[in-house]
Amino acid sequence: MQNTAETGPDAPIDMTPLLDDPYAACAALRDAGPVHRITGADGQPAWLVTRYDDVRRAFADPRLSLDKRHATPNGYRGFALPPALDANLLNMDPPDHTRVRRLVAKAFTTGRVEALRAPVRRTADELLSAMAERGQADLIGDYAGPLSIAVICDLLGIPHRDRPDFLAWSDSLITPDPSRPELMKEAIGAMLTFYTGLIAAKRAEPGDDLLSDLIAVRDETGPGEVAPGGESDRLTEDELTSLAFLILFAGYESTAHLIGNAALALLDHPDQLRQLARNPAELPAAVEEFLRFDNPYPVAIRRFPTEDMEIGGVRIPAGDSVLLSIASANRDPARFPDPDTLDRGRDLSGHLGMGHGIHHCLAAPLARLEAVTALDALLGRFPELRLAVPRGDLRHRRALRARGLISLPVAW
């Protein structure tokens with residue numbers, strides 16, 4: 001991997017190899033050292049942490065803040081969102097993070113997630129039946145994507161008529177067109193209008209859905225009353241809107257990519273595909289290996305040191321952007337022997353596919369349920385599933401923080 005400028009060893013490393021072949025690039029970086037300067041997605045330099053032990057410790061280090069107010073002035077630019085969409089858990093530290101996560105957990109219960117198992121399977125079966133009539137399909141556009149959006153919209157209580165608009169807005173944010181930056185601004189504006197209107201509608205007529213529960217958490221005290229623990233025990237209106245945005249946006253994207261990446265791993269290993277088709281009870285353990293082997297989030301959300309600190313013996317100044325490479329850590333041979341092999345029998349304790357520490361994915365149980373159910377239905381219907389195009393024709397989205405296929409043509 002070459003430096004972007006000939007200014008010495010401290011020049012940021014070009015991130016192109018991380019986009020084109022992330023696991024090979026991560027292996028080279030990991031072998032070369034624990035921490036490297038790269039050019040981030042916003043064009044600014046960032047520190048990429050590559051080794052398992054360092055990444056795991058960094059996830060739990062309170063000196064690494066998610067709050068962008070700790071970023072160096074004129075440094076990190078990132079993803080510009082209005083306050084009503086930006087006040088979410090991915091930008092918070094304790095005590096706000098602790099408060100909001102605790103309040104959200106009241107609505108995001110195990111019971112509510114488990115109640116989705118039958119609807120998820122029903123939707124999966126309907127999508128597969130439509131595919132079966134054609135004899136071939138795109139597993140992303142015809143299955144993983146529609147299934148994921150249906151589940152998360154059902155969870156939040158979003159009407160069917162609004163789902164196509166959401167998909168279009170999401171695509172504008174996930175893979176923006178650099179030649180048309182106005183499309184991203186339009187999508188953000190449309191999403192804000194949509195969420196504001198949806199929350200008003202749910203507030204007027206609550207339903208049996210997560211968004212109505214979140215609104216109840218927000219409004220659990222009446223006008224002029226004081227919450228049992230004081231005003232700090234409530235969600236702000238911006239936090240409520242931001243949570244709806246985060247749950248819908250992240251829940252759709254990450255699960256669709258997880259299902260697609262897992263399906264590709266099995267298509268690359270047809271013996272394991274057939275074994276799981278015969279033994280679906282092994283799918284929950286298999287999903288843990290898929291999370292390790294090809295995670296939908298190769299790099300965790302950026303962090304900012306609140307003071308000068310060292311990671312892996314490398315000094316990182318306060319306010320610099322720090323990126324924790326989940327992809328690299330999960331394929332670190334020091335933690336997972338023979339890491340580039342898909343091995344469902346390996347010791348998967350401690351894999352970082354759902355994060356670690358206080359920012360461990362709140363929706364992890366739902367993502368696992370969706371992935372297991374989707375793969376169970378898929379392999380049960382099409383146990384002889386195969387690629388419909390040469391393997392080299394497949395393309396992934398070119399994004400540092402999202403790992404997912406653009407399409408996955410299959411036949412049976």
Side-chain angles (χ1 to χ4, degrees), residues 1-19 22 25-81 83 86-98 297-332 334-335 352 355-360 399-402:
M1 300 178 67
Q2 299 297 317
N3 288 336
T4 55
E6 295 181 2
T7 55
D10 292 331
I13 293 173
D14 180 10
M15 74 172 185
T16 301
L18 287 165
L19 300 177
C26 284
L29 289 173
R30 196 172 52 240
D31 289 345
V35 183
H36 299 271
R37 291 259 283 175
I38 68 166
T39 301
D42 61 353
Q44 296 294 311
W47 298 94
L48 185 73
V49 185
T50 62
R51 295 178 181 172
Y52 177 88
D53 286 344
D54 295 321
V55 171
R56 185 179 170 88
R57 277 194 295 267
F59 264 124
D61 195 323
R63 296 173 297 172
L64 288 170
S65 169
L66 269 66
D67 191 332
K68 290 177 283 190
R69 290 175 296 184
H70 289 292
T72 302
N74 302 319
Y76 172 79
R77 290 198 295 265
F79 202 50
L81 290 172
D86 209 32
N88 62 63
L89 291 167
L90 298 185
N91 297 317
M92 289 181 178
D93 302 324
D96 283 339
H97 177 273
T98 308
Y297 284 142
V299 175
I301 190 76
R302 74 284 170 278
R303 286 159 164 77
F304 309 101
T306 56
E307 60 186 55
D308 292 354
M309 62 182 296
E310 284 192 1
I311 298 179
V314 177
R315 180 184 175 278
I316 300 178
D320 278 11
S321 296
V322 175
L323 300 174
L324 308 180
S325 178
I326 296 171
S328 182
N330 276 343
R331 292 212 188 185
D332 187 342
R335 175 61 184 83
L352 303 177
H356 175 63
I358 64 170
H359 296 289
H360 181 270
L400 187 63
R401 288 201 58 248

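This chain uses plain numbering: 1 for the first residue, then up along the sequence.
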**Main-chain N/O of Pro34 paired to Thr50 side chain as donor or acceptor, under 3.5 Å** =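 Yes; judged by distance alone, with no hydrogens or angles, the pair exists.
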
**Prompt:** Sub-3.5 Å donor-acceptor pair from the side chain of Asp308 to the main-chain atoms of Ala318, do we have one?
**Reply:**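 Between the backbone of Ala318 and the side chain of Asp308 there is a qualifying donor-acceptor contact (under 3.5 Å).
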
Find out whether [X] and [Y] are in side-chain contact, i.e. whether some heavy atom of one side chain is under 4.5 Å from a heavy atom of the other.
{"X": "Trp47", "Y": "Arg37", "result": "yes"}
{"X": "Leu324", "Y": "Leu352", "result": "no"}
{"X": "His356", "Y": "Val55", "result": "no"}
{"X": "Asp93", "Y": "Thr306", "result": "no"}
{"X": "Thr39", "Y": "Pro45", "result": "no"}

**For His97, all residues meeting side-chain hydrogen bond (donor to acceptor under 3.5 Å, both in side chains), sequence neighbours excluded** =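 Listed in chain order: His359.
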
**Prompt:** For Arg303, which residues count as a side-chain hydrogen bond (donor to acceptor under 3.5 Å, both in side chains) partner, sequence neighbours excluded?
**Reply:**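 Checked Arg303 against side-chain hydrogen bond (donor to acceptor under 3.5 Å, both in side chains); zero matches.
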
**Prompt:** side chain to side chain contact (heavy atoms under 4.5 Å, CB included) between Val299 and Leu18: does it pass, once the steps are laid out?
**Reply:** CA-CA 10 Å; Val299 175; Leu18 287 165; over 6 Å; no

**Pair Arg30, Ser328: side-chain N/O donor-acceptor within cut-off below 3.5 Å** =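 The criterion, which ignores hydrogens and geometry beyond distance, is satisfied for Ser328 and Arg30.
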
Among all residues two or more places apart in sequence or in another chain, which pass the salt bridge (Lys or Arg N to Asp or Glu O under 4.0 Å) test with [X]?
{"X": "Asp53", "answer": "none"}
{"X": "Arg57", "answer": "Asp54"}
{"X": "Asp61", "answer": "Arg63"}

**Message:** Please evaluate residues Lys68 and Arg302 with respect to the criterion side chain to side chain contact (heavy atoms under 4.5 Å, CB included), reporting the C-alpha separation (whole Å), side-chain torsions for both, the decisive distance (0.1 Å), and the verdict.
**Reply:** CA-CA 9 Å; Lys68 290 177 283 190; Arg302 74 284 170 278; 3.1 Å; yes

Inter-residue atom distance [X].[atom1] - [Y].[atom2], 0.5 Å rounding:
{"X": "Ile358", "Y": "Phe59", "atom1": "CD1", "atom2": "CZ", "value": "11.5 Å"}
{"X": "Leu323", "Y": "Arg401", "atom1": "CG", "atom2": "CZ", "value": "8.5 Å"}
{"X": "Asn88", "Y": "Asp86", "atom1": "CG", "atom2": "CG", "value": "6.0 Å"}
{"X": "Met309", "Y": "Asp320", "atom1": "CE", "atom2": "CG", "value": "11.5 Å"}
{"X": "Ile316", "Y": "Ser321", "atom1": "CD1", "atom2": "OG", "value": "10.5 Å"}

**Message:** By the definition side-chain contact (heavy atoms from CB on, under 4.5 Å), identify the one residue from Cys26, Pro22, Pro298 that meets it with Ser325.
**Reply:**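 Answer to the side-chain contact (heavy atoms from CB on, under 4.5 Å) test with Ser325 among Cys26, Pro22, Pro298: Cys26.
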
**Ile301 versus Leu90, closest heavy-atom pair with distance** =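 Reported closest heavy-atom pair: CG1-O, 3.9 Å.
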
**Asked** Partners of Ala71 by side chain to side chain contact (heavy atoms under 4.5 Å, CB included), sequence neighbours excluded?
**Response**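 Per chain and number, Ala71 pairs via side chain to side chain contact (heavy atoms under 4.5 Å, CB included) with Tyr76, Phe304.
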
**Item:** side chain to side chain contact (heavy atoms under 4.5 Å, CB included) between Leu19 and Leu400, intermediate numbers included
**Value:** CA-CA 6 Å; Leu19 300 177; Leu400 187 63; 4.2 Å; yes

